[in-house]
Amino acid sequence: MCDKPMSKMSKFQVKKLFVYLVLSLFVIWTVGPFIWMVSTSLKHYGDIFTPVPQLIPRDKITGQVYVTLENYHYVIEMKGLGRAFLNSLLVTIVVTAFKLFFDSLAAYAFARIRFPGRDFFFFIVISSMMVPGVALLVPRVYITRLLGLYNSLWGLIIPMSMSVFDIFLLRQFFLNIPVELEEASMIDGASRWDIYWRIALPLAKPALALVAITSFTWHWNDLMWPLVILTDAKKYTLPLALALLASGQAPRPHYIMAGATLTVIPIMIIFLIFQRQILEGISITGLK
Amino acid sequence: MRNNSSDLLQVTYPQSKTILRWCQRSRNREWLLGYLFIMPLIVYFILFLLYPTIAAFIYGFTSWNMRTPPVWVGLENYKKLFFDRVAYPYFWHSFTVTLKYVVLAVPTTMSVALVIALLINSIRRMQTFFKVCLYLPVITSAVAVAAIWRWVYDPLYGLLNMVLKALHIQKVNWLGEPAFVIPSLVIIATWSLGSSMLIYLAGLKGIPKQYYEAALIDGVNGWQQFRYITWPLLQPTTFFLLITGFIGSFQVFEIIYVLYGAGGGSIGGPRQSALTYVLYIYNHAFRYYEMGTACAMSFILFIIIVIITIIQFKYVRQTYE
């Protein structure tokens, strides 16, 4: 196709080419800042401030191309980002595990077990989705204090350990599992717990994966809640530590970009592994 | 569904009587089990959803710093917020800033997202590649986004100004000039249009192909196709994005906090030009410890969001019934 002369290309093909060109521009616009971030994080301080943007780290004087990891070393060791990384990892994993278990438990009960007041209670719980989280911030901090969880990692985990939206999502999924499957095993003498644990949960794997990925992304990135709950710098999560690093007055983008790269990379890896599920999930649920 | 299947059981299986009896006997146990399964939710719901909602409402009528017991002041907080320009000089200002941001950011993001969705929908190859790339900013932490853009917007060595210089356009002090603050934030919002794009793409996939085939036979051109088929049929998607976009960007906080707040100095940006409503709530709650006032402001926010949500429900019912 390429060896055909331009004049022989149909109008249709020119159009297609144009579409790809425009989309590529959008991709450059979107991905560019990330590349710039990584590039800056790999430079020495002296080579950051150049009159012309230098994508590849190049020594100002000798003109030699290099890569340095000393900015990473500095923010991890000196600025506490290493510890913050571990704190974030711990909190995110525990919150996600809690959410998967407790949300699916409640969702299963709402979908399958019959008990008085079930639908009424489900309605009440679902209507709480309307309340914006920010509006509940102050009383939530207060009750977290009353529970003795203020300024602790548990204070990040327990108040975030369930999600009404996830319950809603999982309930829909459980409702779509054929009842006959569960009844058959009930005849065989399986208990409700067995059915939930051995039949419903394995069948709901796609929905659980979606819950896990959104929960991981959300809590890994969250700034607001750690900001109001933590005072001790040793307990800071990664976004909080990065916010502190980024807010300094002196221009030190090399450190900030190293910190930003550390924050972004784990999520990007997860995203690239699970991109199919994530992209499909968003299209289905309209999740943001 | 369940009733049907137990009828079915009765017909098909001779031992169905035994099963029914088993069900009867175990009904009480089933109830108990149901409550047991939702027990964590009940505790969580009361502690972290029900109590905070009621408390946010009640504490709005008190003067409270979270350390000493709250003092009842009636409607004082609301009165002061609405009318006392000395005690709360920026209350209405924060509304204006937020509305300006919302009115600019939501339509801009949506229209660019729609254009991209249309482009991606029209190609066969590399769809996933474009989707993945354009979705990256959405999964990025707001703190990292703010940090990255602060560096891109840097007045002297920022990428953007260097590109402008190469194009012989005047340099701009993006984050420092009050007039440019909101547009700069809107650009960041537009940068992360990935989720709107995906939702539009899902909407486009839902339009039956027959319409376009029929239009092709009638000799309709591209613009007419968009104007009379795509756009009207995308209306529910557009409306959904408008509402969720409004609710989401009305609560914008984290990016602005990192760009202007965390330093501790002039929180709210140059001449308070980035003081959005939630940042204002945050300042009063966690900087000045005026929890009562913060609760009153939270409750106002809650009312706004509820009204918008009700409008959405009304509209959705209208379109689908």
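Every chain is numbered from 1, with letters handed out A, B, ... down the list of sequences.
- Contacts of A:Met37 with chain B are made by side-chain atoms alone, with heavy-atom separations under 4.5 Å and no backbone atom involved.
- Interface summary for chain B: among A:Ile278, A:Ile270, A:Ile267, the most heavy-atom pairs under 4.5 angstrom belong to A:Ile267.
- Residue contact with chain B, scored on non-hydrogen atoms closer than 4.5 Å, involves the side chain of A:Arg145 exclusively.
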Next on the checklist: Under the criterion side-chain contact (heavy atoms from CB on, under 4.5 Å), I'd like the reasoning laid out for B:Val252 against B:Val278: C-alpha separation, chi angles, the key distance, then a yes or no.
Outcome noted: CA-CA 7 Å; B:Val252 62; B:Val278 173; over 6 Å; no
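- A:Tyr196 touches chain B through its side chain: at least one heavy atom from C-beta onward sits under 4.5 Å away, while N, CA, C and O do not.
- For chain B, the nearby part of A:Val164 is the side chain; its heavy atoms alone come within less than 4.5 Å.
- B:Leu49 contributes atom CG, which lies 11.0 Å from atom CE of A:Met129 (distance to the nearest 0.5 angstrom).
- Between chain A and the residues B:Ile38, B:Ile139, B:Ile116, the largest count of heavy-atom pairs under 4.5 Å involves B:Ile139.
- Using bins of under 30°, 30° to 60° and over 60° for the plane-to-plane angle, the ring pair A:Phe110/A:Phe121 lands in the tilted bin.
- Chain A forms more heavy-atom pairs under 4.5 Å with one residue of B:Leu33, B:Leu159, B:Val132 than with any other, namely B:Leu159.
- Interface remark: B:Ile120 contributes backbone and side-chain atoms alike to the contact with chain A (heavy atom separation under 4.5 Å).
- Between A:Arg112 and B:Glu30 there is no salt bridge, since no side-chain nitrogen of the basic residue lies less than 4.0 Å from a carboxylate oxygen of the acidic one.
- Inter-residue side-chain proximity for B:Ile54 and B:Leu50 is flagged as met; some heavy-atom pair is nearer than 4.5 Å.
- Of the listed residues (A:Thr40, A:Leu137, A:Val22, A:Thr217), the one with the most heavy-atom contacts under 4.5 Å to chain B is A:Thr40.
- Here A:Met130 is the residue among A:Arg118, A:Met130, A:Lys15 with the most heavy-atom pairs under 4.5 Å with chain B.
- Separation of atoms CD1 (A:Ile28) and CG (A:Leu23) is listed at 11.5 Å; rounding is to 0.5 Å.
- For A:Phe101, the CZ atom sits in a packed shell: over 12 heavy atoms of surrounding residues, nucleotides or ligands are nearer than 6.0 Å.
- Interface remark: of the candidates B:Leu301, B:Leu134, B:Val152, B:Leu134 forms the most heavy-atom pairs closer than 4.5 Å to chain A.
- Of the two parts of B:Tyr59, only the side chain, counted from C-beta on, holds a non-hydrogen atom closer than 4.5 Å to a non-hydrogen atom of chain A.
- Of the atoms belonging to B:Phe253, it is side-chain heavy atoms, and not backbone ones, that fall under 4.5 Å from chain A.
- Contacts between B:Ile305 and chain A at a heavy-atom distance below 4.5 Å involve the side chain alone, from C-beta outward.
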Item to check | Residues B:Ser141, A:Trp220; criterion side-chain contact (heavy atoms from CB on, under 4.5 Å); working and verdict | outcome: CA-CA 8 Å; B:Ser141 157; A:Trp220 181 267; 5.6 Å; no
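- With a threshold of 4.5 angstrom between heavy atoms, B:Tyr282 approaches chain A through side-chain atoms but not through N, CA, C or O.
- At a 4.5 Å heavy-atom cutoff, the contact between A:Ser161 and chain B is made by backbone and side-chain atoms alike.
- Aromatic ring orientation, B:Trp149 versus B:Tyr153: tilted (interplanar angle from 30° to 60°).
- With a 4.5 angstrom heavy-atom cutoff, A:Ile124 touches chain B via backbone and side-chain atoms both.
- At a cut-off of 3.5 Å, with distance as the only test, no side-chain donor of A:Tyr150 or A:Thr231 sits close to an acceptor on the other residue.
- The CD1 atom of A:Ile256 sits 12.0 Å away from the OG atom of A:Ser41 when rounded to the nearest 0.5 Å.
- Taking the six-membered ring for Trp and the full ring otherwise, the centers of B:Phe37 and A:Phe115 sit at least 6.0 Å from each other.
- No close placement of the A:Phe26 and A:Trp29 rings is indicated, their centers lying 6.0 Å or farther apart.
- For A:Leu262, no part lies near chain B; criterion is any non-hydrogen pair under 4.5 Å.
- Residue A:Leu245 does not touch chain B at all, counting heavy-atom pairs closer than 4.5 Å.
- Between chain B and the options A:Val31, A:Val131, A:Thr263, A:Leu272, the largest number of non-hydrogen pairs under 4.5 Å is found for A:Val131.
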Item to check | Worked verdict on A:Glu182 versus A:Arg192 for salt bridge (Lys or Arg N to Asp or Glu O under 4.0 Å) | outcome: CA-CA 9 Å; A:Glu182 295 178 30; A:Arg192 265 293 172 199; 3.7 Å; yes
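- Using a 4.5 Å cut-off between heavy atoms, A:Met257 contacts chain B through its side chain alone, with no backbone atom that close.
- When heavy atoms are compared at a cutoff of 4.5 Å, A:Ile158 approaches chain B by way of both its backbone and its side chain.
- Residues B:Arg125 and A:Tyr20 bring no donor and acceptor atom of their side chains to less than 3.5 Å of each other.
- With chain A as the partner, the residue from B:Leu198, B:Val112, B:Leu41 showing the most heavy-atom pairs under 4.5 Å is B:Leu41.
- At a 4.5 Å heavy-atom cutoff, the contact between B:Ile42 and chain A is made by backbone and side-chain atoms alike.
- When the candidates A:Ala260, A:Pro116, A:Gly259, A:Ser24 are compared by the number of heavy-atom contacts under 4.5 Å with chain B, A:Pro116 comes out ahead.
- Interface residue A:Phe102: only side-chain heavy atoms are found under 4.5 Å from chain B.
- For B:Thr309, the part sitting under 4.5 Å from any heavy atom of chain A is the side chain, from C-beta outward, and nothing else.
- Residue B:Val145 does not touch chain A at all, counting heavy-atom pairs closer than 4.5 Å.
- Most heavy-atom pairs under 4.5 Å with chain B, from the set A:Pro132, A:Gly117, A:Ala106, A:Ser191: that is A:Pro132.
- Contact of B:Arg67 with chain A is made through the side chain alone, with heavy-atom distances under 4.5 Å.
- Close placement of the B:Phe299 and B:Phe302 rings is indicated, their centers lying within 6.0 Å of each other.
- Expressed to the nearest 0.5 Å, how far OG of B:Ser298 lies from OH of B:Tyr277 amounts to 7.0 Å.
- Looking at A:Val264, only its side chain comes within 4.5 Å of chain B, counting heavy atoms on both sides.
- Contact annotation for A:Asp103: neither backbone nor side-chain heavy atoms come within less than 4.5 Å of a heavy atom of chain B.
- Using bins of under 30°, 30° to 60° and over 60° for the plane-to-plane angle, the ring pair A:Phe122/A:Phe168 lands in the parallel bin.
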